[in-house]
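Heads up, the thing below is written out as structure tokens.
Only a predicted model underlies this, so the values are computations on that prediction, with no experimental measurement involved. To find a chain, count down the sequence lines: A is the first, B the second, and so on, and within it residues start at 1. Heavy atoms only: backbone and side chains are in, while hydrogens, waters and symmetry mates are out.
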Number of protein chains: 2
Amino acid sequence: METVEARVLDAAERLFYGRGLQAVGMDAIRAASGVSLKRLYQVFSSKDSLVEAYLRRRDHRWRAALERFAEQRPAGRERILAVFDWLHQWFQEPDFRGCAFVNSYGELGAGHPGVAEAARSHKDAFRGYLATLVAGAGAAEALADQLVLLAEGAITTAAISGSPEPALHAREAARALLAAG
Amino acid sequence: METVEARVLDAAERLFYGRGLQAVGMDAIRAASGVSLKRLYQVFSSKDSLVEAYLRRRDHRWRAALERFAEQRPAGRERILAVFDWLHQWFQEPDFRGCAFVNSYGELGAGHPGVAEAARSHKDAFRGYLATLVAGAGAAEALADQLVLLAEGAITTAAISGSPEPALHAREAARALLAAG
DNA sequence: GCAGGGGGAGAACGTACGTTCTCCGTGGTG
DNA sequence: CACCACGGAGAACGTACGTTCTCCCCCTGC
């Protein structure tokens with residue numbers, strides 16, 4: 001009873017995230033979703049609008065998954081370190097290929113304002129979440145910016161190196177910064 | 001008296017870095033370099049080989065510029081912090097658009113082994129350089145991995161946010177980690 | 001002056017893609 | 001049964017691109 005929109009977005013996410021935006025044609029999404037081109041264009045008026053819907057849904061899901069995971073740990077330092085444990089788990093998923101927003105921004109960047117805006121707002125929201133965790137731990141607000149860099153760096157480095165280890169290095173650095181602050 | 005190869009690589013770097021790999025056609029490189037398609041294909045047998053030459057040259061130049069800058073500071077902690085000062089300068093260049101290797105890897109990633117390998121070896125070399133700086137400062141080797149994450153995160157965050165500030169946050173975090181270690 | 005070869009401009013070719021259109025079958029409604 | 005609105009399959013259309021080819025000019029060596 002899944003809706004057509006959901007089936008299309010599932011296929012789009014698998015393909016766009018796995019192979020890049022420009023490398024995936026609408027026909028590949030039709031084949032992967034089983035939704036005819038005609039119907040597909042009734043639901044998403046263009047490839048651009050499908051790309052933006054993909055990024056929007058991924059942003060919500062990614063942050064919800066992170067928050068669900070972190071909130072199982074006690075607020076404070078524990079919960080901050082949980083972010084890096086979650087990254088470590090994510091990096092080990094077989095289809096992990098880095099940050100969808102960084103990849104999309106790097107591919108289209110300028111010249112595609114919708115994608116650039118999606119990347120900016122995703123990163124802003126992530127920083128905002130870290131800031132609430134930092135406040136909850138009673139640490140200096142500047143720490144949030146530093147944690148963002150560690151997480152961001154870990155995601156990119158894990159993608160390129162193909163190893164989940166950067167999450168552990170980032171976790172250790174975060175621990176040291178928390179202890180120093 | 002500039003060689004044809006250099007003119008082509010200059011144009012390729014400007015266009016590939018500024019707009020992405022797939023968004024730039026060979027004809028745009030011909031127009032920007034003033035080298036005819038025929039000559040262009042005599043020097044680079046395919047677009048793929050031009051892309052790889054672009055990444056190779058950029059890797060060398062980028063690391064050489066960083067090392068030239070850092071070596072003006074005294075070895076030790078000063079020289080490690082200089083890395084982040086150099087990033088801060090880079091982020092303010094008007095055509096800064098993040099890391100060419102991260103962008104290329106995100107765009108093509110799997111399915112293009114030459115690009116993936118170029119990204120891996122660039123990041124390895126950068127980590128290697130930081131490791132020598134860390135050793136020169138007498139700090140624990142694990143610090144190199146943490147500094148990589150800060151630098152990597154700063155590059156990506158600066159690109160998406162459009163602000164050079166992440167370099168300062170990364171510098172401050174590096175200072176704290178150095179003091180703690 | 002002249003033959004020949006290298007190079008430039010751009011056409012040509014094959015392919016891929018975003019988007020739309022045509023044609024047909026089907027299932028619900030009187 | 002007759003009608004029709006919808007949806008599927010895939011052809012069609014316009015464009016863009018990687019790569020090669022054609023044609024012509026100019027420069028060199030004799």
**Request:** Look at B:R79 together with B:E71 and state whether they make a salt bridge at an N to O cut-off of under 4.0 Å.
**Result:** no

**Request:** For A:Q42 and D:dC6, give me the distance from atom CD to atom C1', rounded to whole Å.
**Result:** 8 Å

**Message:** Can you list, in residue-number order, the parts of residues 24-34 of chain A that come under 4.0 Å of DNA chain C, counting heavy atoms only?
**Reply:** A:V24, A:G25, A:M26

**Asked** Are the side chain of B:Q92 and the backbone of B:H88 linked by a donor-acceptor contact shorter than 3.5 Å?
**Response** yes

**Prompt:** Nearest-Å distance, CD (A:Q22) to C1' (D:dC17)?
**Reply:** 12 Å

**Protein-nucleotide distance (A:L40, atom CG; C:dT20, atom C1'), rounded to Å** = 13 Å

**Request:** Could you tell me whether A:D124 and A:R127 have a side-chain N and a carboxylate O separated by less than 4.0 Å?
**Result:** no

**Request:** Determine, for B:D95 against B:R14, whether the closest basic-nitrogen to carboxylate-oxygen distance falls under 4.0 angstrom.
**Result:** no

**Asked** Is the backbone N or O of A:E117 less than 3.5 Å from a side-chain atom of A:Y105, with the two atoms forming a donor-acceptor pair by type?
**Response** no

**Fill in**
Residues in residues 5-21 of chain A with a heavy atom under 4.0 Å of DNA chain C, by number, are none

**Prompt:** How long is the line joining OH of B:Y41 and P of C:dA9, in whole Å?
**Reply:** 16 Å

**Prompt:** What's the NZ-P distance between A:K38 and D:dG8, to the nearest Å?
**Reply:** 9 Å

**Asked** Looking at the rings of B:F101 and B:W62, which for Trp means the six-membered one, are their centres under 6.0 Å apart?
**Response** no

**Message:** Distance check needed: C:dT20 C1' versus A:L37 CG, whole Å only.
**Reply:** 10 Å

**Asked** Tell me, do B:I29 and B:L15 make a side-chain contact under 4.5 Å, heavy atoms counted?
**Response** yes

**Message:** Between C1' on C:dT20 and CZ on A:R39, what's the gap in Å once rounded to a whole number?
**Reply:** 17 Å

**Message:** Evaluate B:D10 against B:R57 for side-chain contact (heavy atoms from CB on, under 4.5 Å), listing each step before the verdict.
**Reply:** CA-CA 10 Å; B:D10 288 344; B:R57 197 184 71 162; 2.9 Å; yes

**Asked** Are any non-hydrogen side-chain atoms of A:L177 and A:L150 less than 4.5 angstrom apart?
**Response** yes

**Asked** Which part of the nucleic acid, if any, lies within reach of A:K47 when heavy atoms closer than 4.0 Å are counted: base, sugar-phosphate only, or nothing?
**Response** sugar-phosphate

